[in-house]
Each structure stands twice: as structure tokens, then as C-alpha cells.
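To start, the structure under review is shown below, and the notes come after it.
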Amino acid sequence: MTTPLVEMDGDEMTRILWKMIKDELLLPYIDLKTEYYDLGLEYRNETNDQVTIDSAEATKKHGVAVKCATITPNAARMTEYNLKEMWKSPNGTIRAALDGTVFRAPILIKGIVPYVNNWSKPITIARHAYGDVYKNVEIKVPGAGKAELVFIGADGTEIRETIHEFKGSGILQGIHNTDESITSFAKACFNYALDTKQDLWFATKDTISKKYDHNFKDIFQGIYDAQYKDKFERAGIEYFYTLIDDAVARVIRSEGGFIWACKNYDGDVMSDMVATAYGDLSMMTSVLVSPSGVYEYEAAHGTVQRHYYKYLKGEETSTNSIATIFAWTGALRKRGELDGIRELQEFADKLEKACIKTVEDGKMTKSLALISTCENPVILNSLEFIRAIRETYDSL
């Protein structure tokens with residue numbers, strides 16, 4: 001390696017797996033260079049979350065990062081970790097800093113049969129990770145009254161729309177997005193489709209939301225027509241827009257093998273649906289791509305809290321590490337591509353092949369054994385599974 005990866009360590013059981021993966025699968029084979037940031041909740045608290053901001057800035061500098069799963073604290077975590085405040089999601093902070101779009105795709109393995117039996121190729125969910133309900137403002141209406149949507153321009157111009165004449169109590173919610181963020185989302189989707197040579201679908205509900213959702217549709221179409229149409233045609237791939245309900249029906253009937261671009265909430269929900277339908281959330285990759293070409297790789301799942309508490313008690317755990325391994329291989333492959341190091345790309349390809357072959361040979365963790373069609377799987381604990389992957393790697 002010539003340029004370091006930005007390495008973002010994390011929390012709980014995935015932090016334990018992180019070290020196992022480095023010790024067993026990376027350091028024995030490659031001259032690993034990383035710029036390390038500890039995004040564990042204790043250190044985020046100690047630095048007032050400055051470490052998260054620093055890691056995002058380092059990612060902009062070096063171009064590629066790999067991230068372990070992290071805790072987004074709630075009230076219970078405030079007490080458990082004696083936090084100064086309820087720190088924001090590191091993923092949200094990093095997404096905002098990079099102006100990125102999240103692409104999530106399942107890892108397909110023979111013997112792990114999708115619940116939708118015609119899905120023979122992976123479906124990649126592209127989630128616009130800004131605004132909408134995640135940046136909402138809410139009011140609990142106490143009683144009768146008039147609710148208005150008001151915009152006051154910098155020049156004093158005022159726009160008013162009546163939302164509802166309340167006759168009694170109720171609720172209100174205000175959401176927003178920006179043309180700048182939607183444009184970045186669109187460009188990231190088009191670029192990723194070209195990189196991966198996959199069709200791109202985009203869906204909203206513009207028939208109902210004639211200004212808000214329609215704005216997404218118009219920006220996507222305008223950018224595609226002006227900058228990407230010829231590139232897509234030369235690549236032999238397609239872009240099309242449809243309503244979100246039509247998209248859901250098309251997705252279920254499809255064989256997979258495309259990118260499905262979704263607004264923020266739709267992407268949040270549909271990525272978990274797709275992951276579960278393919279088998280398990282622990283077999284889902286996630287990559288954050290900025291419009292400037294910066295990449296951050298991670299597993300789509302969380303910190304595996306329940307297994308961590310068992311680990312602290314000295315009990316055996318059987319935690320699937322494949323998605324975390326694929327975060328490392330994705331980052332190493334991209335680093336190799338950017339730096340022209342073919343051997344690094346080949347290492348990443350071979351390690352992924354070893355992960356898949358290990359499971360297909362019948363050696364797996366407990367969660368995979370529960371959904372595998374393998375007749376007599378060998379169930380391994382967390383470290384045994386990683387070492388089994390190493391044995392497979394050495395045999396290839």
C-alpha cells in the first residue's frame with residue numbers, strides 16, 4: 001500500500017471482530033497502512049465527538065475509508081456509558097460531511113436462498129441520506145387553530161400556505177430538502193451505475209407530492225438528459241423513473257441485478273426489507289459515495305449488542321463477520337484501483353471468494369446455519385469462523 005485507508009474503529013461485538021479480522025485475515029498478507037480513528041462511544045464522548053468530524057475530514061483527504069459499526073446513543077446508552085450528551089449518529093455526521101449517498105447490496109451465497117425465489121442477482125439500494133423526516137420539525141397541536149406553512153425569503157418576500165384548520169388537537173410535521181443535496185444524490189447514483197454497469201431505477205410519489213417529490217424527479221431527469229444519457233447508452237444500461245408503489249411491484253417480480261434509488265425514508269425501510277428477503281442483514285454491504293468520488297465502506301448491520309454482552313461474560317459467541325470483512329475488502333479494492341496496485345485488488349477478490357466458499361463448504365456461524373439449505377452445517381464460533389476463512393484463503 002502507498003496511501004493509507006482511513007480506519008474508523010467502532011463498538012461492542014463488531015469492535016472485537018474488527019481486531020480478529022485484522023489479526024487473522026489482513027496483517028499476515030498485506031502491508032496494511034491505515035490512519036486510525038477510534039469511533040468507539042467512550043472516545044467520542046471524551047473528544048466531544050470531534051474524532052468523528054476528524055475522521056470525515058481525513059476521508060476527504062485520502063479518498064477511501066473503512067468503518068466498523070458504531071453505537072448511536074439513546075437514553076439507556078446515556079446512563080450505560082455516562083455520556084456528556086446524546087451524541088449524534090456517526091454515520092449521519094460522516095454522510096453530511098461527505099454529502100454522500102449510501103449504496104447497500106446483499107452478498108449472495110449458494111445455500112442461502114432468498115425468500116423471493118426469482119431474485120437471482122443482487123439488488124442495490126441507493127439511499128438519499130439527507131433531509132426529509134430525518135431533519136423534521138414537529139409540533140403537537142394542543143387544540144383548535146390554524147396551521148400555516150411559511151417561507152420568508154432573504155429579501156423579505158413571504159409565501160404562505162394553509163396546512164389545516166384544526167377543530168381540535170392533532171400533530172404537525174415540517175420537512176425539507178435542498179436542490180444541492182438532491183443534485184449530489186442524483187450524480188452519485190448515475191456515477192455508481194456506470195461504475196458497476198447496472199440499470200438505475202428511481203421512484204418517488206410525485207402524483208401525490210406534486211412539488212416536493214416532483215422536484216426530485218425533475219432534477220434526476222434534467223441531470224440524466226444533460227450529462228449521462230449518452231454515457232448510459234454507450235454502457236448498455238438504462239435509467240428510468242417510476243412511482244414508488246409501481247417500483248415495489250416491479251422489484252418483487254424482477255430477478256434483481258439493478259440499483260434502486262430511494263428517498264431517505266424509503267431507502268431506510270427498503271434496504272432492511274431487501275436484506276432480510278435475501279437472507280440476513282449480516283450479509284449486506286454498505287458503501288457511502290460522495291459526488292466528488294470519496295468512498296467509505298462498512299457493514300450494513302449494527303454492533304451486535306447481545307453477542308457483546310455474552311462475550312463480556314466469557315460465553316461463546318457465533319457472530320457472522322462476513323459483512324465486516326467485505327467492508328475491508330471493498331475499501332482495499334478501491335484503494336488498489338485508485339493507486340494502481342493490482343495485487344491489492346486481487347487480494348480483496350480472493351478474500352471475498354474465500355468467505356463465500358467457506359460457507360458454501362458448510363462451515364458457518366449459527367445465524368447462517370438457521371437459514372442455510374446445507375444439510376449438515378458445521379457451526380463455528382466467531383474466531384473459529386474467521387480462522388476457517390483463513391484456511392480457505394490459503395487453499396485457493
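For the single chain, residues carry numbers from 1 onward in sequence order.
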Quick check: does any side chain N or O of K229 sit under 3.5 Å from a backbone N or O of A226, one acting as donor and the other as acceptor? no
Taking atom types as modelled, find out whether Y212 and H176 have a side-chain donor-acceptor pair closer than 3.5 angstrom. no
Checking K22 now: which residues fulfil salt bridge (Lys or Arg N to Asp or Glu O under 4.0 Å) with it, not counting sequence neighbours? E7
Can you pull the side-chain hydrogen bond (donor to acceptor under 3.5 Å, both in side chains) pairs that have at least one residue in residues 386-396, sequence neighbours excluded? E24-R387, E24-R390, Y29-R390, Y29-D394, T358-T392
Please name all residues satisfying ring-ring contact (aromatic ring centres under 6.0 Å, His included) with H164, sequence neighbours left out, ordered by chain then number. F166
Is the distance between the ring centroids of H128 and Y265 under 6.0 Å? no
Could you work out, with salt bridge (Lys or Arg N to Asp or Glu O under 4.0 Å) as the rule, every residue matching D266, not counting sequence neighbours? none
Classify the ring geometry between W201 and F240 as parallel (under 30°), tilted (30 to 60°) or perpendicular (over 60°). tilted
Okay, side chain of N48, backbone of Q50: is any donor-acceptor separation there less than 3.5 Å? no
Under 3.5 Å, which donor-acceptor pairs do the side chains of residues 104-117 form with other protein atoms, sequence neighbours left out?
none

Taking N118 for its side chain and I252 for its backbone only, find out whether a donor-acceptor pair lies under 3.5 Å. yes
SB check E165 K167 (cutoff 4.0 Å): no
Between R95 and E298, is there a salt bridge with N-O shorter than 4.0 Å? no
Pairs involving residues 251-261, ordered by first then second residue, that meet side-chain hydrogen bond (donor to acceptor under 3.5 Å, both in side chains) (sequence neighbours left out): K121-E255
Does any N or O in the side chain of S382 come within less than 3.5 Å of the main-chain N or O of T317, such that one atom is a donor and the other an acceptor? yes
Taken in chain and number order and not counting sequence neighbours, the residues that satisfy salt bridge (Lys or Arg N to Asp or Glu O under 4.0 Å) with D179 are none
Contacts of type salt bridge (Lys or Arg N to Asp or Glu O under 4.0 Å), residue D225, not counting sequence neighbours: none
Does D213 pair with K205 as a salt bridge, N-O distance under 4.0 Å? no
Could you tell me whether a side-chain N or O of D361 sits under 3.5 Å from a main-chain N or O of K363, the two making a donor and an acceptor? no
Whether E80 and R77 form a salt bridge (side-chain N of Lys/Arg under 4.0 Å from carboxylate O of Asp/Glu) is what I want to check. yes
Taking only residues two or more places apart in sequence, or in another chain, which ones meet F232 in a ring-ring contact (aromatic ring centres under 6.0 Å, His included)? F190, Y224
Would you tabulate the side-chain donor-acceptor contacts of residues 323-335 under 3.5 Å, counting partners in other chains and residues two or more places apart, or write 'none'?
residue: T329; atom: OG1; partner: I325; partner atom: O; Å: 3.4
residue: T329; atom: OG1; partner: F326; partner atom: O; Å: 3.0
residue: T329; atom: OG1; partner: E352; partner atom: OE2; Å: 2.6
residue: R333; atom: NE; partner: D349; partner atom: OD1; Å: 2.9
residue: R333; atom: NH1; partner: E352; partner atom: OE2; Å: 3.3
residue: R333; atom: NH2; partner: D349; partner atom: OD1; Å: 3.0
residue: R333; atom: NH2; partner: E352; partner atom: OE1; Å: 2.9
residue: R333; atom: NH2; partner: E352; partner atom: OE2; Å: 2.9
residue: K334; atom: NZ; partner: E337; partner atom: OE1; Å: 3.0
residue: R335; atom: NE; partner: D339; partner atom: OD2; Å: 3.0
residue: R335; atom: NH1; partner: H62; partner atom: O; Å: 2.7
residue: R335; atom: NH2; partner: H62; partner atom: O; Å: 3.4
residue: R335; atom: NH2; partner: D339; partner atom: OD1; Å: 3.3

In terms of side-chain geometry, is the basic nitrogen of R44 or E46 positioned less than 4.0 Å from the acidic oxygen of its partner? no
Taking only residues two or more places apart in sequence or in another chain, which ones pass ring-ring contact (aromatic ring centres under 6.0 Å, His included) with W119? Y278
Got a sec, which residues hit ring-ring contact (aromatic ring centres under 6.0 Å, His included) with F103, two or more places apart in sequence or on another chain? Y192
